[in-house]
Amino acid sequence: MENESLRLNVSLLRRRVPNLTSAAKAVGLRPATVSNLCTGKISVGKSEVRTLVALADLAGCSLDELIIRGEKIEMIETKIKTLDLFAPLAKGGTVGLVARKNMGQLVVLSEIFYRLKAQGVSTILLMPQGEYPELADVLGNAELVTHSIDETYEKIAALGSEKEIAFAADRSHVVSGDIYDMQERLQQIGIDSVTTFLLDLTGNAVDEDLPYGPLETLWQFDADLSARHCYPAVDPISSTSSVLEGAHMDQNHFIIQQRAQKLLRRYRELRSLVNVNGLEKLPASEVMTFTRGERLEAYLTQPFYVAEEFTKKQGESVSLQETLKDVQAILDGSFDQENVDRLRFIGKI
């Protein structure tokens, strides 16, 4: 199991074990471990054999069916800095947005739809039952709006296998298992180019280990970032993606991502101390860490096209390579003397 190109067949696991949290706990597996395996945070090569065997038993398949060898995971570049750097969107995979209400998840989804439509991707929103006026902005960037799983299946099938599709649905359709049934039906007719976005309009998903089952990409929203209006409020430490698996990731991206996460993790620890005691109480060796972390956090904010009317700032797109260049410069101290506010809500530096 040492080959880095090994990964879980998340699609198979999702179809066979819809309620993975309960199933994992029932056989003595930690849901967090299963989640990290699915997103690639823990590589298959470094996982315990008994864990893989237990997952294969749950899915009713062999280890050969559960483990995929040598397949490259393709990234969709959103040109949103914090997403592309820390939790890239896996093409054709399932991404879960985990957030409480009013943390900006619908703005992120609307922005993603806006950007994907500009790239020629067909965007589809499956409406949940009930009244949700907060979905208005997402509706504005959805090419197709559907009201049932069957209708969604028919629309996607009509678009065909040659068309890239982004599809979003509320968690209510996940709990019922309808989403996974539809994904399996689509695969049976040769359509596997659907990138699926799952969100929870109630905000309860935050309290569960695997609210959507196995995912290729997880965007975990952060209450502190949201409270301080650091948008998008996607947590760069707990968010992750199967694109980050060593075998599929550019080495320079990996190194910068790891350095940035380490800095932000320590910055958060120091920030709690600074809030209580002030910056002058920090050891001199930690002041530089705090300063760079503060600037990196500011840089990761970004103006969105869909929010221009409210922010009065023009939307910005930043390529992954530009993001990597800027973040490396911040990590190396090139902007230690720069005013923090100049780095907030900009595109590239």
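The basis for the numbers below is simple: all heavy atoms, side chains too, and nothing from hydrogens, waters or symmetry mates.
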Margin query: Is there a side-chain contact between P232 and I80 in this structure, where contact means two heavy atoms from C-beta onward sitting under 4.5 Å apart?
Written below: yes
Margin query: Could you go through L263 and T289, starting from their C-alpha distance and side-chain angles, then the distance that decides it, and tell me whether this counts as side-chain contact (heavy atoms from CB on, under 4.5 Å)?
Written below: CA-CA 7 Å; L263 174 65; T289 299; 3.7 Å; yes
Note to self: Check this for me: does any side-chain nitrogen of one of R268 and E297 sit under 4.0 Å from a carboxylate oxygen of the other?
What the structure shows: no
Item checked: Side chain to side chain, M127 and L139, heavy atoms closer than 4.5 Å -> yes
Check: Can R171 and E208 be said to form a side-chain contact (heavy atoms from CB on, under 4.5 Å), step by step?
Finding: CA-CA 12 Å; R171 186 173 176 234; E208 299 191 21; 2.7 Å; yes
Next item on the list: May I ask you to decide if A59's main-chain N or O and R16's side chain share a donor-acceptor pair within less than 3.5 Å?
Entry: yes
Next item on the list: Following the transitive rule for hydrophobic clusters with a side-chain heavy-atom cut-off under 4.5 Å over Ile, Leu, Val, Met, Phe, Trp and Tyr, establish whether I237 and F221 coincide in one cluster.
Entry: no
Margin query: One pair to check against side chain to side chain donor-acceptor pair (under 3.5 Å): D170 and S172. What are the steps and the verdict?
Written below: CA-CA 5 Å; D170 175 65; S172 59; 2.9 Å; yes
Check: What is the minimum heavy-atom distance between A260 and V327, and which atoms define it?
Finding: CB-CG1, 4.1 Å
Check: Are R266 and E269 within salt-bridge range, i.e. N to O under 4.0 Å?
Finding: yes
Item checked: Taking every non-hydrogen atom, the tightest pair across A56 and L66 -> N-CD2, 3.7 Å
Next item on the list: For the pair T301 (side chain) and C230 (backbone), establish whether a donor and an acceptor sit closer than 3.5 Å, ignoring hydrogens and angles.
Entry: no
Checklist line | Shared hydrophobic cluster for L218 and F167 (ILVMFWY, side-chain gaps under 4.5 Å) | finding: yes
Note to self: I'd like to know if the side chain of S47 and the backbone of V44 have a donor-acceptor N/O pair within less than 3.5 Å.
What the structure shows: yes
Checklist line | Side-chain donor or acceptor of R292 paired with backbone N/O of L331 under 3.5 Å | finding: yes
Notebook entry, point to check: Is there a donor-acceptor contact under 3.5 Å from the side chain of Q105 to the main chain of G203?
Noted result: no
Check: Checking E216 side chain against V95 main chain: does a donor-acceptor pair fall under 3.5 Å?
Finding: no
Next item on the list: Please say whether the positively charged group of R185, taken as NZ for Lys or CZ for Arg, lies over the ring of Y153, i.e. under 6.0 angstrom from the six-membered ring centre and within 45 degrees of the axis.
Entry: yes
Next item on the list: Look only at the side chain of S239 and the backbone of D235, and say whether a donor-acceptor pair between them is shorter than 3.5 Å.
Entry: yes
Notebook entry, point to check: How many angstroms lie between CD1 in I330 and CZ in R259, if you round to the nearest 0.5 Å?
Noted result: 11.0 Å
Next item on the list: Enter the distance from S242:OG to N36:CG here, rounded to the nearest 0.5 Å.
Entry: 12.5 Å
Note to self: With a 4.5 Å cut-off on side-chain heavy atoms, are E164 and K91 touching?
What the structure shows: yes
Check: Within a radius of less than 6.0 Å around CD of E280, do more than 12 heavy atoms belonging to other residues, nucleotides or ligands occur?
Finding: yes
Item checked: Approximate separation, where rounding is to 0.5 Å, of Y212 OH and L199 CG -> 6.0 Å
Margin query: Looking at R228 and D222, is there a salt bridge between them, counting it only when a charged N and a carboxylate O are closer than 4.0 Å?
Written below: no
Note to self: One thing to verify: whether D84 and K79 come together as a salt bridge, which I'm taking to mean a side-chain N less than 4.0 angstrom from a carboxylate O.
What the structure shows: no
Note to self: For Q187 and S11: C-alpha separation, side-chain torsions, deciding distance, then whether side chain to side chain donor-acceptor pair (under 3.5 Å) applies.
What the structure shows: CA-CA 10 Å; Q187 288 184 346; S11 177; 3.0 Å; yes
Next item on the list: Would you check if R295 and Y267 make a side-chain contact, meaning some heavy-atom pair closer than 4.5 Å?
Entry: no
Next item on the list: Identify the two heavy atoms, one from V306 and one from S110, that lie closest to each other, and give their separation to 0.1 Å.
Entry: CG1-OG, 3.8 Å
Next item on the list: Provide the closest heavy-atom pair for M182 versus T152 in the form atom of the first, atom of the second, distance.
Entry: SD-CG2, 3.7 Å
Next item on the list: Please work out whether the ring planes of F113 and F197 are parallel, tilted or perpendicular, with thresholds of 30° and 60°.
Entry: perpendicular
Checklist line | Lys/Arg N to Asp/Glu carboxylate O, D209 vs K25, below 4.0 Å | finding: yes
Item checked: Polar side chain donor-acceptor pair, D150 to S148, under 3.5 angstrom -> no
Note to self: For the NZ atom of K348 and the CG atom of D326, what is their distance to the nearest 0.5 Å?
What the structure shows: 8.0 Å
Notebook entry, point to check: Quick check: does any side chain N or O of E286 sit under 3.5 Å from a backbone N or O of L282, one acting as donor and the other as acceptor?
Noted result: no
Check: If you measure from CG on L215 to OG1 on T196, what distance do you get to the nearest 0.5 Å?
Finding: 10.5 Å
Check: Does a side-chain heavy-atom distance below 4.5 Å link L52 with L8?
Finding: yes
Checklist line | Check: F345 main-chain N/O paired with Y231 side-chain donor or acceptor under 3.5 Å | finding: no
Check: Got a second to check how far L324's CG is from K81's NZ, nearest 0.5 Å?
Finding: 12.5 Å
Margin query: So Q258 and L244, do their side chains get closer than 4.5 Å, heavy atoms only?
Written below: no
Check: With distance as the sole criterion, is a donor-acceptor pair present between the side chains of S319 and E322 under 3.5 Å?
Finding: yes
Notebook entry, point to check: What's the verdict on side-chain contact (heavy atoms from CB on, under 4.5 Å) for L83 and L89, showing C-alpha distance, side-chain angles and the deciding distance?
Noted result: CA-CA 7 Å; L83 300 185; L89 183 55; over 6 Å; no
Next item on the list: Please say whether more than 12 non-hydrogen atoms of neighbouring residues, nucleotides or ligands are located less than 6.0 Å from CG in N277.
Entry: yes
Notebook entry, point to check: Just wondering, do S161 and I191 contact through their side chains at under 4.5 Å, heavy atoms?
Noted result: yes
Margin query: Restricting to non-hydrogen atoms, name the atom on K163 and the atom on S122 that form the minimum distance, rounded to 0.1 Å.
Written below: CE-OG, 2.8 Å
Check: Is a side-chain N or O of T291 found less than 3.5 angstrom from the main chain of V287, in a donor-acceptor match?
Finding: yes
Check: Looking at T217 and A90, what are the two nearest heavy atoms and their distance?
Finding: OG1-N, 3.3 Å
Checklist line | Close side-chain approach of L300 to L264, heavy-atom, < 4.5 Å | finding: yes
Notebook entry, point to check: Are E143 and K155 ion-paired here, with the side-chain N under 4.0 Å from a carboxylate O?
Noted result: no
Item checked: side-chain contact (heavy atoms from CB on, under 4.5 Å) between I349 and R342, intermediate numbers included -> CA-CA 9 Å; I349 299 176; R342 199 186 81 77; 3.7 Å; yes
